[in-house]
Amino acid sequence: MSEHSYDDLVEEAFIAPIRSVLIVDDDYPTLHEILLEKDERTKKHGHKEWDRSPENRAKVRKVIDEFRRPDAPYLLDIHDGTSPSEKTDEQQVHILHQTDLLILDYQLDKEKEGDGSAAVRIAREALANKHFNLILVHTQEPLERVFHEFLIGLMRPCFKDEGVVFGEDFQSFLDKNEASLLALVEAEQYVAAKFVVARNPRDLQKAVHDGAAPWSRVVKFFIDTGLHRKDWVKAVRYALEIFEDTHAGEFSDKDLGTLYWSDDPVRFIRAPRGFVAFKRKQDEQELMPALKKALTAWNPRPPRLMLTKLRAEMNERGIEVQDDALGNPDVGAIWYRRLLETDDQNLDAIVTSTVRNHAEQLLDRLLPQVSDFAKRMRSVDAEQDTLEVVKKRFNVDLSEAAVLTGAKMGHNAFVGSKPFKSPHLEIGHILKVEGQYWLCLTPACDMVPKVHRGKPSDRIEGVKRFTALKLRERKADEALPEANRGGQIFANVTFEGGEEKRMAFSAAAKPGASPAWMMMYVQNDGYLPSDELPKCNVSYVSAPDDGKTIPIVKTVDATVCGMLRYEYALEVQSRFIASQSRIGLDFVDASGAEPDEGE
């Protein structure tokens, strides 16, 4: 039995690394305020209640003591959150968000009772920056209302221009019941609908028709008013669009990425660059346990825990191991000389390769601690049923055949390929040329722009020659059984419009067969544009269309749409090289048949 729990690991990854805490509360004393003369403090900050009674001082002191006691490793600061205007508020937030934990009071303006708009603005700005933020909203207001206000304040509208078609029956329903419908479909229903639509827009119909919370009262209203079942979702979408119109000022004007949230039993919001938890002031409990409770309710997946632990190790020990990662001074001297002497086009390539080398050295120093963390994580779940644990942690049911196949394809594509962004064409790049997929197999050193080996007669200034191997598409049920036989390729391939697909290929028609390949020539020395889906001009020798026997040179557009990891590209390259040594071509098989095409 493991002596650790999963909750302990969540705390170790997310909470233990916290070092700086910032409290934003209009009722708390700031350091600047404390240093003022008493008369000046009364004049400027006499509206604050913290110093009006021993009880009020005790409440504030209790919160501060949680972060100032001897065993608390925190740097604490306090900001009163008051701003003359939204403009200055937004200017201040760039200072406020450089903290590990932001404790944010809901109401930052005493003159606006129950108004959390200033706090929502601060959270919105904090979640838009590049620093990952943990935010704990501290409030005296009902948590449900505060949660919905924050959630809507971090969203962007999505039900605009739905194009609802108004038939006579539906228009008659609206004429009689529009006000009642809009009163029923409010923040709770909007949040529930947005949650469903974010996963799959078609699931909204099922959610409404099932009538489960929070749609039960809405469905009863439809039944009582005689609205036909086919118009239920139409009515809901109409009301949701009106909700967005009437609450337009409450939504975010920034795209904060995809949000994930829960309001039962613990409320939290997860954004790509932060996590928001909620706590009521009235319970007078400590704040950190509330944050931990929200984080464990989120139940971050094991890979996220490991990466978060790695990030924490980087922050904790990055400087300590940095010298080892840098290498000796003469190593850096050679790199910097190359950096200074290279032309602008090769600059990205040199910087990228060197940073990767240093990063790998740095990771090697940090990985033992992360590996130990992963082993402790495994020990937590090792004695439970594997499929049940996986389903619990990832919400993926691997007992279903189709789910298992998709997961295996995703895993193989993830480990076998990587993002294809690169300054120039290189080994491992997958190109789509006239509807077919080809793999660049020329060694990396020969693909460096403006670097040539020898003087072959087909060398052309500004043109890079490379070996292109034809990839044969395979279905998942064909590729997976042979995944470990070699010559099998799995990759994430990007299509026009940004859609990414897990694909499988083989390097030859069948195991043991020789691959199909040809020489291609890429223009502009192989440099690639910085587009999301970069294109380049490639030329190759082709048979003529008119039946003549003289080959022609075709020049076409090629799209770089994927890339194999280096070691996987080398595996395919080794098989290609082996296929070029054709000893025993006169052999026949048991049937006496001629070799298949492509062998």
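Because the structure is a prediction, the values reported are computed rather than measured.
Residue F170 comes nearest to L227 through the heavy atom pair CD1-CD1, 4.2 Å, listed as atom of the first residue, atom of the second, then distance. Between E12 and A16 the shortest heavy-atom distance is O-CB, 3.5 Å. Shortest non-hydrogen contact noted between V219 and V208 is CG2-O, 3.1 Å. Taking every heavy atom of both residues into account, A558 and L431 meet most closely at CB-CD2, 3.8 Å. For the pair L134 and L295, the tightest heavy-atom approach, listed with the atom from each and the gap, is CD2-CD2, 4.3 Å. Shown here for T30 and I78, the closest heavy-atom pair between the two residues is CG2-O, 3.6 Å.
Remark: aromatic rings of F14 and F275 are distant, center separation not under 6.0 Å.
The side-chain heavy atoms of V266 and W298, taken from C-beta on, include no pair separated by under 4.5 Å. Contact annotation: the side chain of L151 approaches that of L259 to within less than 4.5 Å [non-hydrogen atoms, C-beta and beyond]. Within the 4.5 Å cutoff, the side chain of Y568 has heavy atoms near those of the V415 side chain. Under the 4.5 Å side-chain criterion, counting only non-hydrogen atoms from C-beta, L127 is in contact with I135. In this structure, M563 and E426 have side chains that are in contact, with non-hydrogen atoms separated by less than 4.5 Å.
With S20 contributing its side chain and L75 its backbone, the two residues share no donor-acceptor pair below 3.5 Å. Looking at N133, its side chain never comes within 3.5 Å of a backbone N or O of G274 through a donor-acceptor pair. Listed for the S371 side chain is no donor-acceptor partner under 3.5 Å among the backbone atoms of L367. E250 places no side-chain N or O within donor-acceptor distance of the main-chain N or O of E149, the cut-off being under 3.5 Å. In this structure a side-chain-to-backbone donor-acceptor pair under 3.5 Å is missing from R502 to N492. Counting only distance, with no hydrogens or angles, the side chain of T139 and the backbone of E141 share a donor-acceptor pair below 3.5 Å. Proximity of a side-chain donor or acceptor of R124 to a complementary backbone N or O of G153 within less than 3.5 Å is detected. Of the possible donor and acceptor atoms, none in the side chain of N524 sits under 3.5 Å from a partner among the backbone N and O of G526. The closest donor-acceptor contact from the side chain of D531 to the backbone of L533 lies at 3.5 Å or more, if one exists at all.
Taking a cutoff of 4.0 Å between a charged side-chain nitrogen and a carboxylate oxygen, E473 and K432 do not qualify as a salt bridge. Look at R121 and E125 and you find no salt bridge, because none of the NZ, NE, NH1 or NH2 atoms lies under 4.0 Å from a carboxylate O. For R393 and D381, the salt-bridge test passes: some basic side-chain N is under 4.0 Å from an acidic carboxylate O. Remark: D283 engages K279 in a salt bridge, criterion side-chain N to carboxylate O under 4.0 Å.
Listed by first and then second residue, the ring pair (Phe, Tyr, Trp, His ring centres under 6.0 Å) pairs involving residues 179-206 are F159-Y190, Y190-F243, Y190-F251, F195-W261 (not counting sequence neighbours). Sorted by first and then second residue, the ring pair (Phe, Tyr, Trp, His ring centres under 6.0 Å) pairs with a member in residues 410-429 form an empty list; sequence neighbours excluded.
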Test side chain to side chain contact (heavy atoms under 4.5 Å, CB included) on F222 and V236; report intermediate values, then the result. CA-CA 10 Å; F222 290 155; V236 165; 4.0 Å; yes

Assess the residue pair R237 and Q205 against the criterion (side chain to side chain contact (heavy atoms under 4.5 Å, CB included)); give the C-alpha distance rounded to whole Å, side-chain angles, the decisive distance to 0.1 Å, and a yes or no. CA-CA 10 Å; R237 285 190 172 274; Q205 178 172 329; over 6 Å; no

Evaluate side chain to side chain contact (heavy atoms under 4.5 Å, CB included) for L101 paired with M288, printing each intermediate quantity in order. CA-CA 10 Å; L101 174 60; M288 295 301 275; 3.6 Å; yes

Walk me through whether L339 and L347 qualify under side chain to side chain contact (heavy atoms under 4.5 Å, CB included). CA-CA 7 Å; L339 192 70; L347 187 61; 3.4 Å; yes

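Atom CD of E567 has more than 12 heavy atoms from other residues, nucleotides or ligands within 6.0 Å. Around NZ of K421, the count of heavy atoms belonging to other residues, nucleotides or ligands within 6.0 Å exceeds 12. Atom NZ of K418 has more than 12 neighbouring heavy atoms from other residues, nucleotides or ligands inside a 6.0 Å radius. Counting heavy atoms of neighbouring residues, nucleotides and ligands inside a 6.0 Å radius, atom CG of N395 does not exceed 12 of them. No more than 12 heavy atoms of other residues, nucleotides or ligands shown are found within 6.0 angstrom of CZ on R301. By the neighbour-count criterion of 12 heavy atoms within 6.0 Å, atom NZ of K535 is densely surrounded, having more than that number from other residues, nucleotides or ligands. Annotation for Y566: atom OH does not count as buried by contact number, only 12 or fewer foreign heavy atoms lying within 6.0 Å. Within 6.0 Å of NZ in K293 there are 12 or fewer heavy atoms belonging to other residues, nucleotides or ligands.
Side-chain atoms of Y74 and E66 form no donor-acceptor pair, as typed in the model, at a separation below 3.5 Å.
With sequence neighbours left out, the side chain to side chain donor-acceptor pair (under 3.5 Å) criterion links Q369 to R317.
For the side-chain hydrogen bond (donor to acceptor under 3.5 Å, both in side chains) with Y106, the lone residue among R145, R280, K281 that qualifies is R145.
Judged by the 6.0 Å and 45° rule, R267 forms no cation-pi pair with F150.
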